[in-house]
Asks: 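Mind having a look at this structure? Questions to follow.
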Amino acid sequence: MAPAEAAANVETFVNVVTERLKDGDQINISGFGVLETKMRKERLSVNPKTGQRFLVPPKIQPAFRPSSKLKDKFK
């Protein structure tokens, strides 16, 4: 496989995963792990320079959960 072809395949994979995650789908890759989205709660934060407090709004964030097979390879 040529480097340009490999790069195109990776780009396609990333685009498909991104769209599926935006739709709220969960992606299971057998033996590797699960890509999913998680909702981060609204929270209070502090600007360390000024000490001013501000509210960080809730947001959806991508997350990865490795499979047990992948975890076992690092023991």
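Residue numbers count from 1 along this sequence.
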Asks: According to a 4.5 Å side-chain heavy-atom criterion applied to Ile, Leu, Val, Met, Phe, Trp and Tyr, with indirect links allowed, do Met1 and Phe13 form part of one hydrophobic cluster?
Replies: no
Asks: Measuring from atom NZ of Lys73 to atom OG of Ser67, what distance do you get when rounded to the nearest 0.5 angstrom?
Replies: 9.0 Å
Asks: Taking a hydrophobic cluster as the set of Ile, Leu, Val, Met, Phe, Trp and Tyr residues connected by side-chain heavy atoms closer than 4.5 Å, whether directly or through intermediates, do Ile29 and Leu70 fall within one such cluster?
Replies: yes
Asks: With sequence neighbours excluded, give me every ring pair (Phe, Tyr, Trp, His ring centres under 6.0 Å) pair touching residues 32-75.
Replies: Phe32-Phe64
Asks: Less than 4.5 Å apart, side chain to side chain, heavy atoms only: is that true for Arg65 and Lys71?
Replies: no
Asks: Quick test of your reading: applying side chain to side chain donor-acceptor pair (under 3.5 Å), list the pairs with at least one residue in residues 8-17, sequence neighbours left out, ordered by first then second residue.
Replies: none
Asks: Does any non-hydrogen side-chain atom of Gln26 lie less than 4.5 Å from one of Asn28?
Replies: yes
Asks: I'd like to check Ile27 versus Val17 (side-chain heavy atoms, cut-off strictly below 4.5 Å). Are they in contact?
Replies: yes
Asks: Ala8: what forms a side-chain contact (heavy atoms from CB on, under 4.5 Å) with it, not counting sequence neighbours?
Replies: none
Asks: Who are the salt bridge (Lys or Arg N to Asp or Glu O under 4.0 Å) partners of Asp72, not counting sequence neighbours?
Replies: Lys75
Asks: I'd like to check the side-chain contact (heavy atoms from CB on, under 4.5 Å) partners of Gln61; sequence neighbours left out, ordered by chain and number.
Replies: Arg40, Lys59
Asks: Measuring only between side-chain heavy atoms, which start at C-beta, is Ile60 closer than 4.5 Å to Lys38?
Replies: no
Asks: Side chains of Val56 and Leu44: closer than 4.5 Å at any heavy-atom pair?
Replies: no
Asks: What residues, two or more places apart in sequence or in another chain, satisfy salt bridge (Lys or Arg N to Asp or Glu O under 4.0 Å) together with Arg20?
Replies: Asp25
